[in-house]
Student: 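One structure follows; several queries about it will come next.
Because only heavy atoms are used, hydrogens play no part in the values below, and waters and symmetry mates are left out as well, while side chains stay in. Note on naming: letters A, B, ... go to the chains in the order of the sequence lines (proteins, then strands), and numbering restarts at 1 for each one.
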Amino acid sequence: MTTTAEHRLEDTVLGSTAGRFYRHQNFGTGLAGGIGLGFLLWLLGEYTVNNNPNFGTDMVVALTMLGWVIGFNLGIGTFNAVLHWILGHDQTKEDELYAAGVGQGKSRYWKYCTDHKVVGTQYLILVFVLFFIGGTLAMMIRTQLLTPNSTFLSPQTYNAIVSIHGMTMIIATIIMVSGPFANFIMPIMIGAKDMAFPRLNAMSIWVVVSAVPPLMATFFVGGVNAGWTTYAPLSTQDGPAMVCFAFTIITFVASVTVAGINTLITVLTMRAPGMTFSRMPVFVWASVIGGALGLYAMPAFLLDMTMMVVDHTTGTSFFVAAQGGSGWLWENVFWIMGHPEVYVILIPPVGALMEVLSTFSRKPVFAYKMIIGAMIGIAGLSIMVWAHHMFTTGWAPDLAGPFMLTTELISIPTGIVFLCAIGTMWRGSNWVRLPMYFGFLFVWNFIIGGVTGIYLSDVPADDYFHGNMFVTAHFHYTLLGGAMIAGTAGLCYWFPKVTGRMLDEKTGRWAFWTIAIGFQITYLSQFYEGFKGMPRRVANYDPIFAPENLISSIGAYILMAGWIVLLYAIVSSWRSGPIAPANPWSAKSLEWQTLTPVPLENFLEDVTVVNDPYGYGQSAELQVHAVFGSTGAAHHGEGH
Amino acid sequence: MSATTEHDVTHEGGHHDTPEQRDRKELSALVLFIAGDAIFLILEILAWFYLRALDTQNGWRFSEATPANPATSGSNNPHTILHEVAKAAPGWTILIAALSLIAGLAVWWAEGNARKGAAHAPILGVSLIIALAAVGFQIYQFQVLPFTTVDGTYASMFEFFMGSVLAHLVLVVVVLLGVWNRARKGMYAQVWYQIRLARVWTLWVAISGILLAMTAIFFA
């Protein structure tokens, strides 16, 4: 370690030219660059390709989106280092320190900043924004479904909102833990000074930021009518909005890929001495497994969306049956991505939850190796189950049996993880703080989401349920009730470390109960709708489904109110909550052993890991996770 | 790898890294990136075979065409792709794949020279020119194909392969441009791991291009 308490890297006084071009770049220049280049390429398209009667508009939209994404990233500084490298002008140490945010105060949060803690915070804000957008769209959907034959939205607008609600939430849930916490917390947990590739890390956040406006732009160019899965041939018949949608995904895939590689390499190469694989916190394992699974799944998403863009813009016919294409190609490639992606969403939050459960139960994680094995098993099996999404499409009926079997098999490792969560809490000295509340809620929701998933793996049952609201309720129980609630537990747990403030627990508990009750009302009603046979993705429905829909919509309003209360608690606590001590939960993992706010290089002294981080209730020797500096002090943080 | 000097220490993110550490990290990252790219490649090839096997509406390629009786020419009709496609395309396809392989081998040679302290910048310059030529030929191949993207799934997949190869070759050119320029400035006199990374990437692009070319030539 090169720094000492007397000389922290962040205290370095930089020269007036440090950072070079970075000095003039921020979110504003990114916007200017994106809008400027987007406009230029739109003009170019208007005067060159727009005369093509079949593909002109789609080509113009594609060029505009390309201009936006490249221009935004040029403007904010994503490509600075690459261009400098090509020119043979390496960044100086001062440039790098400037890029890491030294001497810039809060303005660094609006810049291309390489400090992993800033990147994690930027991700957190983006996740809030995406959930707010997705949640608002959800409220519009439920308002439309409040009564039969509602005219609140036109059918086309409803379809567009359903599509973008779905994709916004998918993007948000993929990054909700792997973005903020795998960036902010995970490197500290393994005793690293930073992520392996700080510049790629900053790139990952700003690239995903640039993916959001194309998604919102879909509303202004006709809307995506094909749902978030954008099945062909519906999506091939959609207008230029589908091109915007595809650009969002292609850009998002670039971000997730570099983020996943960064996470993997960080864990493989930057662990502190003594941080063996068997001593790594479960959350670190979960981040690695989620990152690796993303690396497998995202290329399929890229292929599907690239083919879709060229179908729209150049007249290829990958998914156009009249010219030799097939909708089944789309569906296969989509679900080769889509089912692993469910676990890209789920595994990191479950890892975060295990940290919460262990800390607040004051017990070691139950069956540590079983959890890791089960998560790897889930990841492995998840790549062999994709066709269960296609049972009702008529594709390869002979394969229905094998895919039913693999899907049912995945419930075994999932059940093991669930039992380990229960086992960790069982007979623990449960300290029921806000993160633990959400931990309990996860357990309740996930058992319902998991068990109903087994129904859907069964081909005969799936024939009935697949096209109806049962599926909607099921995946909301797993992704919202499971992953998002687990992620919220993680947020409440790490909030003091990330913000330096304690979260307002009283308001948080109000939020918790509102969310918990609203959630059950919303989605249990939808299960009932499914049993009665109400189709999903419909703007209007038969009046026989009216009572359940009314109840579900009321539940959704309660649920949204709960999230708003939680958001209020977060924002108000972040602004003016009590200052957090370094280790308010007396936890053992490394992120709680360093100062708050966390120094630029995370620790002021060398870290040597000597035990796993779950030594609660063990002998005094086993309770020590790491020692610091040459003296080998057991704890470095404050405020135990 | 040569001994590290204070001058060689890199500082990404403000932190110290030796060239050895960066080499290890960046090579590992590149291997993972290639693994992701390989999945993309495998899916591309699977899509080729899937659409070829389906041959929906006889839209893969006009199946009754023979060298003696080629289908009628013309675009906008999936049933009229010329049989000569299968003969005309391989020439360019093989040439482009061969050029990317030669570029990769040249980078390998340059890496060996850099390790020995011998001249390597000129070789990297040659590899850059070869890669540029491959890009040029790939663009040219789009112009000379006797079909367009609207001529059914065979044409769609063929041109998608070409686009994929082109995108990869462009990345090769960007990497080689940087490596050559830095070599020209003597920046790899002591630490050459970036040339190794360029070699790995360029050879991977060559291998993936060859696999696509073999698919297109032997399974038309």
Student: Answer yes or no: is there a donor N or O on one side and an acceptor on the other, between the side chain of B/Q143 and the main chain of B/Y140, under 3.5 Å?
Tutor: no
Student: Report which part of B/K25 has an atom under 4.5 Å of a heavy atom belonging to chain A: side chain, backbone, both, or neither.
Tutor: both
Student: Taking the side chain from A/Q122 and the backbone from A/K111, do they hold a donor-acceptor pair closer than 3.5 Å?
Tutor: yes
Student: Which region of A/M195, side chain (C-beta onward) or backbone (N, CA, C, O), has a non-hydrogen atom less than 4.5 Å from a non-hydrogen atom of chain B, or is it both or neither?
Tutor: neither
Student: Check whether A/D95 reaches the backbone of A/T92 with its side chain - one donor and one acceptor, N or O, closer than 3.5 Å.
Tutor: yes
Student: Please state whether the side chain, the backbone, both or neither of A/A99 comes within less than 4.5 Å of a heavy atom of chain B.
Tutor: neither
Student: Please classify the contact of A/F301 with chain B as side chain, backbone, both or neither, using a heavy-atom distance under 4.5 Å.
Tutor: neither
Student: So which residue, A/L302, A/V310, A/D115, A/L268, ends up with the most heavy-atom pairs under 4.5 Å with chain B?
Tutor: A/L302
Student: So A/F603 and A/K193, do their side chains get closer than 4.5 Å, heavy atoms only?
Tutor: no
Student: For a quick test of reading the model, state the closest non-hydrogen atom pair linking A/I265 to B/S28 and the distance between them.
Tutor: CD1-CB, 3.3 Å
Student: Measure A/I336 against the heavy atoms of chain B and call it side chain, backbone, both or neither at under 4.5 Å.
Tutor: side chain
Student: Checking B/Q194 against chain A: side chain, backbone, both or neither under 4.5 Å from a heavy atom?
Tutor: side chain
Student: Can you confirm whether or not the ring centre of B/F160 sits under 6.0 Å from the ring centre of A/F318?
Tutor: yes
Student: Heavy atoms under 4.5 Å from chain A: which residues of residues 39-52 of chain B carry them?
Tutor: B/I39, B/F40, B/L43, B/E44, B/A47, B/Y50, B/L51
Student: Tell me, for A/Y98 versus chain B, whether the close heavy atoms (under 4.5 Å) come from the side chain, the backbone, both or neither.
Tutor: neither
Student: Quick check on A/N332 against chain B: is it the side chain, the backbone, both or neither that has a heavy atom closer than 4.5 Å?
Tutor: side chain
Student: Give the member of A/V333, A/L200, A/T306, A/V102 that has the highest number of heavy-atom pairs under 4.5 Å with chain B.
Tutor: A/T306
Student: If we ignore hydrogens and angles and just use 3.5 Å, is the side chain of A/E10 paired with the main-chain N or O of A/L600 as donor and acceptor?
Tutor: yes
Student: Taking every heavy-atom pair that is under 4.5 Å apart, which of A/L264, A/D90, A/T257, A/D311 has the most such pairs with chain B?
Tutor: A/D90
Student: Could you check whether any side-chain N or O of B/K185 sits under 3.5 Å from a backbone N or O of A/L87, counting only pairs where one atom can act as donor and the other as acceptor?
Tutor: yes
Student: Would you compute the distance between atom CD of B/E26 and atom CD1 of A/I261 and round it to the nearest 0.5 angstrom?
Tutor: 12.0 Å
Student: Tell me if a side-chain donor or acceptor on A/D304 pairs with a main-chain N or O of A/F334 at a distance below 3.5 Å.
Tutor: yes
Student: Does a side-chain N-to-carboxylate-O contact under 4.0 Å join A/R199 and A/E96?
Tutor: yes
